[in-house]
Novice: 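Quick one: structure below, then a few questions.
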There are 2 protein chains.
Amino acid sequence: MKKTKLLILFLVCVHAALAEDGYKMWLRYAPIPTSTLLQQYRRQITGIIIYGNSPTLRAAREELNTALPAMLQSPIPEIKTLRNGALIASPLSSLPSALKSIAIKEVQQLDSTGYLLLSTTANGKQITLITAKDDIGVLYGVFALLRKIQTQQNILQLKEWSSPKIKLRLLNHWDNLNRYVERGYAGISIWNWHTLPSYIDQRYIDYARFNASIGINGTVLNNVNANATVLTSEWLLKVAAIANTLRPYGIKVFLSARFSAPIEIGHLSTADPLNDSVRAWWQQKAKEIYQLIPDFGGFLVKANSEGQPGPQSYHRTHADGANLLADALAPYGGIVMWRAFVYDPKATDRFKQAYEEFTPLDGSFHSNVMVQVKNGPIDFQPREPFSPLLGAMPKTPLLPEFQLTQEYLGQGTHLVYMSPLFREVLQSDTYSNGPHSTVAAIADGSLLHHQLTAIAGVSNIGNERNWTGHPFGQANWYAFGRLAWDHSLSSENIGKEWIQQTFGCNQATDTILSMMMGSRETLVNYMTPLGLHHIMGNGHHYGPAPWSNHAPRADWDPVYYHRADSNGIGFDRTATGSGALLQYQPAVQQLYADSNKCEDKFLLWFHHVSWQHRMHSGRTLWQELCFKYNEGVMGVRHMQQQWNNIKQYINQEQFHQVSQLLALQEQEAVWWRDACLSYFSTISRLAIPVGMEQPAHSLQYYQQLHFPYAPGN
Amino acid sequence: MKKTKLLILFLVCVHAALAEDGYKMWLRYAPIPTSTLLQQYRRQITGIIIYGNSPTLRAAREELNTALPAMLQSPIPEIKTLRNGALIASPLSSLPSALKSIAIKEVQQLDSTGYLLLSTTANGKQITLITAKDDIGVLYGVFALLRKIQTQQNILQLKEWSSPKIKLRLLNHWDNLNRYVERGYAGISIWNWHTLPSYIDQRYIDYARFNASIGINGTVLNNVNANATVLTSEWLLKVAAIANTLRPYGIKVFLSARFSAPIEIGHLSTADPLNDSVRAWWQQKAKEIYQLIPDFGGFLVKANSEGQPGPQSYHRTHADGANLLADALAPYGGIVMWRAFVYDPKATDRFKQAYEEFTPLDGSFHSNVMVQVKNGPIDFQPREPFSPLLGAMPKTPLLPEFQLTQEYLGQGTHLVYMSPLFREVLQSDTYSNGPHSTVAAIADGSLLHHQLTAIAGVSNIGNERNWTGHPFGQANWYAFGRLAWDHSLSSENIGKEWIQQTFGCNQATDTILSMMMGSRETLVNYMTPLGLHHIMGNGHHYGPAPWSNHAPRADWDPVYYHRADSNGIGFDRTATGSGALLQYQPAVQQLYADSNKCEDKFLLWFHHVSWQHRMHSGRTLWQELCFKYNEGVMGVRHMQQQWNNIKQYINQEQFHQVSQLLALQEQEAVWWRDACLSYFSTISRLAIPVGMEQPAHSLQYYQQLHFPYAPGN
């Protein structure tokens, strides 16, 4: 018998060793190793009952049937009658009346998609009940329970209910129809349009499972730099096949719509939003879409931005354009998400343009239009102040857009946990309706009682084995979903959940969490400390290029943003400068207006200050800049040490993978530091302090590096 | 105890169910289910001894340590002393003298890379010995033994030795530096150049394992439509990192060289092969490469073909070009593989051009040049006669090139087992040195005693989870490697090996084998029966387009190849036509010269025959054409039935995956049949016979289909 037990242990180990290629992400359902807890779970869950049989309930059943036997290392049968250890997963309406009466009070407090987990007694049997108003809530509840088991929590006395704070929790795929992903660092698009609609890749189903497990309930399939072909009848069949696959998991499909589609595929001579033929074309197209996809979510539009067509080409406003599409979708319940990411090469400060163009339109958008606003005023930099547009359009539901793909945060190779970035923005107080007017309160509609509420994350997903390229990129997908459901969750708790589901529950958890929690600040330090921004290479956005000054547009050039000269560095956006700071509420202006009081981390966003400017640390700006860049490099080295310290707890393949990536990150952090300081040193005419690591190469060396095949460009 | 056994069974099943995403291909090492056999294996192999410790032997050790415990479901320790069941894997020179004397006779018969498997007795212990002249032979022997266990063969009385028939067994990757794979249908390139050399993806190691397991020992990393950047110093570091990773597995790295590299990256004004600066540049480049990669294999070159630069731009010959590079590589033992795939839009018959350009050069190539010849005279069609160049350059070592990626054979979605195609060509008798002058005898050097021998397969590998997109694409990679090692193996045996390793040893094997064995003929029938060729869509080569007649070059147009008119169809390549047939030996000419005797399958390759031409079946050509197209469609439907019949033996995910692909293949087979017959019907003015399925659409419908985002273009 002892030998047999050893064999079982051996088999469990073989299983664990084999499964770690990252494909399963946080739904690994690894065997529970702790013996006492395992026995407890086996007593708690002895069989499954699901009342009802919708596609969503079948998905819930399948997930339980996959997860529970794997984790509990024991078959968990479906049963017909209540017994001790019965796990019941059903919507309230399908429950037998005895069970219904137990749960009804809590379920009534849920919204239509929330869930209730309840340990209770029925017919004298100890049972666990997962219920909800609707089937999708049951599926969310199933994932919530599985999360508890994967993270080895006690499930003896469950009484937990949860509804999402934000209604639409969206991924935005910047995926082209040829599968190239703009700003993609994890292979090509998972959407294999060529084989759709006939072939449904298992990845589509797993994608749905992962998203449902964290509450994502909408996805925009194609790039905002959109191709009208996706709206042709042939391609809509492909879109419908994806929609059919995602639907059981509560995920609606959206499309990026190219504004000039009526010309390109409709063969009209104009796309003018006030033209009757154009209106009729979109109405017909909407009708066609909804015949194929009755729950189609709607359109995302990037218009009159970076060369995309839009209503301004016809001297119409963004509102005219958005309302055109919104009116076509309205009969079917669809919405338009109109992006506010606009900027003009002629503008004096790109920072200001979205606000200037959009605030005058507040009140002109039809009721099924949302305006989608990037989290910061420029473009997903490692750190940005929140966009001043957030809070500045009270009559319009606003939808914050985050970027999960790490375009400016180390792309595919840097370990950066972005939850602290998301939280920093979501918790920012816009003061737009008095104190506590946070970005989160705008997103969840609580501030101004908007009914349409949404949040979007630009996907970091590709067809690499582990979905996100860098294994820690999975944490950003995970954290975005969890925060979209409940923005009050802490980055620490989300991180811990993710770690335990991804790497197992062991003594490495705290170390990994510590690596993750510091990682974003570390990256800010070695890339863009003290409020520097947009100083990366042009086009591919890979690596440092603060010297770059000959892009096709000035506002794509780093020198436009850092404005370093012999006197100092930074962009004066106060009243004496571009005035962008005046776009914020006075209470926010107060935080940043005085260069002596402004937090270091935003200093160069708002001020051009002398190289000798005295920082809060007591160092001069130049010294502080050197110090921060160096701190960034040291931060990466510290992560390397931390990772090495937990080697014994990590699967060998994954350990080696992350070790290599951290080594690459260290090289690139040094590169960023040395290239930037070499350059700024020539401007400031100040030397990098003695005692600090000096650049290994000349400035010319860094300047001549080029990367013709950098990914995602 | 019974409960425990059930639990073990359960765990084994969970393991099996989890592992089937295709990533592990034919090295799954699934638990041996048969109890008697399992006990036997456990007695036969109780411990491992490896004498020696090179990287290659470490790879062998790691493979055994991965495979044996997984298959035998029992730890197999490394041991120090002989015991019953010891498995010894070491080169002869490292063996203790007692073991050495047992094996020396057989090992002496091996070439430097062959292996010996021997069940024997030493010191009174029953042992299994894997040995070889060199470490790589040991690794090959390890894989051979593991193959036997995976296919559940008896290993009690092993006495087997094997050396490869062809020395260089190569994959050619048509992978661009931006990871786009020309004619790639399995995602993007596995070579992530951007993160090289710092990051070694586990895929590179697994790629090496898969290749070593079938004897592949060389790989050309980049597309023959080459980019000179790969030869820059920066990129050579990346190449070296891959070479270092593949080296322990006996795989040499080669590069496709762009002939104009001296201009593009060397900043010379010419790439003239007789120019001293050009010669010096290549010599210096070779020196640089070999400093980084001491065992670098050499260059593959596509020159003066489809727009690629080459020596003819300087009025030099292919030999001048090849010798230039060969001279640069010669001091280091490198070789040049110069492709004979050339054709000129002005030629009257593209079929003839490679022969016409290359045969006059026979004898002018330096001794480290091979000429690489596509298997057929045109371009990897579903069926081609062997290239007449094979056998026509006796003084030059020729290297046949096959295409594993299914550019013309259903791309990523059709189940086509290509071993019968490879075998058909390899067994073709060129009569170039009398009877039995097969293509295989040219490739293995036995015909004319060439020392340089090689065979190349254009890779079907990408970064999709299962490497090849279609799960049965793996079989083509596998079969190519096995045939490259030993071209006398039968397609049936290779297929069976692959099936059992991939799907397990069960009652489905024969059915799957039957599906595979008929699949290529089925595809020929629904795409290009009776010797039709090159009638696919232009550019992407996806789908039928026999009507197509306005490509940028006439010899890219289907009408150039089928020549259908009101009288008949086919390309007269006899003496009364283009005369291409005269490029073959008389004995071959005899096979094809008479349209009444020519095998049906090559008829339209060599003859323009009347629609009323009487076929061997007794039908007219037109009837036969309709019959064959229909037969192709029915063949796919038969595969669908066969697959459905074995559902119980196949992992659910894989079953569903292949079912969907077969359904898509059926749709596309119907499309090929109906589009081609609709078109030819308008030319022949003959109707598709009553009783046969009629096209669902008009010819115009098929003609207006377009595929702007078809993959691999």
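Protein chains get the first letters and strands the later ones, always in sequence-line order, with residue 1 at the start of each.
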Novice: Heavy-atom cut-off 4.5 Å, strictly under: side chain, backbone, both or neither for B:Y180 against chain A?
Specialist: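 Neither part, no heavy atoms under 4.5 Å.
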Novice: Looking at every heavy atom in both B:G187 and A:I188, which two are closest together, and how far apart are they?
Specialist: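 Smallest heavy-atom distance, with atoms named: CA-CD1, 3.7 Å.
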Novice: Find the distance between OG1 (B:T195) and CG (A:L664) and round it off to the nearest 0.5 Å.
Specialist: 7.0 Å
Novice: Can you tell which part of B:W467 gets under 4.5 Å to a heavy atom of chain A, answering side chain, backbone, both or neither?
Specialist: neither
Novice: Which distance, rounded to the nearest 0.5 Å, do you find between the CG of B:D201 and the CD of A:Q657?
Specialist: 7.0 Å
Novice: Does some side-chain heavy atom of B:L661 sit less than 4.5 Å from a side-chain heavy atom of A:Y199?
Specialist: yes
Novice: As a test of understanding, state which of B:Y542, B:F707, B:Y709 forms a ring pair (Phe, Tyr, Trp, His ring centres under 6.0 Å) with A:H194.
Specialist: B:Y542
Novice: Given that the side chain runs from C-beta out, which part of B:A663 has a heavy atom under 4.5 Å from chain A: side chain, backbone, both or neither?
Specialist: neither
Novice: Would you indicate whether B:E62, at its atom CD, is surrounded by more than 12 heavy atoms from other residues, nucleotides or ligands within a distance under 6.0 Å?
Specialist: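 No, CD of B:E62 has 12 or fewer neighbouring heavy atoms, counting only those of other groups under 6.0 Å.
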Novice: Using non-hydrogen atoms and a 4.5 Å limit, figure out which bit of B:S189 sits close to chain A: side chain, backbone, both or neither.
Specialist: neither
Novice: More than 12 heavy atoms of other residues, nucleotides or ligands under 6.0 Å from CD of A:Q652: is that the case?
Specialist: no
Novice: Pick from B:T229, B:I205, B:T413: which one has the most heavy-atom pairs with chain A under 4.5 Å?
Specialist: B:T229
Novice: Can you tell which part of B:N713 gets under 4.5 Å to a heavy atom of chain A, answering side chain, backbone, both or neither?
Specialist: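 Neither part.
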Novice: Find the distance between CG (A:D206) and CZ (B:R465) and round it off to the nearest 0.5 Å.
Specialist: 6.5 Å
Novice: So what's closer than 4.5 Å to chain A heavy atoms on B:I200: side chain, backbone, both or neither?
Specialist: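 For B:I200, heavy atoms of backbone and side chain both lie under 4.5 Å from chain A.
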Novice: At a 4.5 Å cut-off on heavy atoms, which part of A:N176 comes close to chain B: side chain, backbone, both, or neither?
Specialist: neither
Novice: Between B:R179 and A:E464 (salt bridge meaning N to carboxylate O under 4.0 Å), is one present in this structure?
Specialist: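 The answer is yes: the pair qualifies as a salt bridge.
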Novice: Is there a side-chain contact between A:Q660 and B:S198, using heavy atoms and a 4.5 Å cut-off?
Specialist: no
Novice: So does A:Q202 get a backbone contact from the side chain of B:E653, meaning a donor-acceptor N/O pair under 3.5 Å?
Specialist: no
Novice: Working to the nearest 0.5 Å, report the span between CG of A:D21 and OH of B:Y23.
Specialist: 7.5 Å
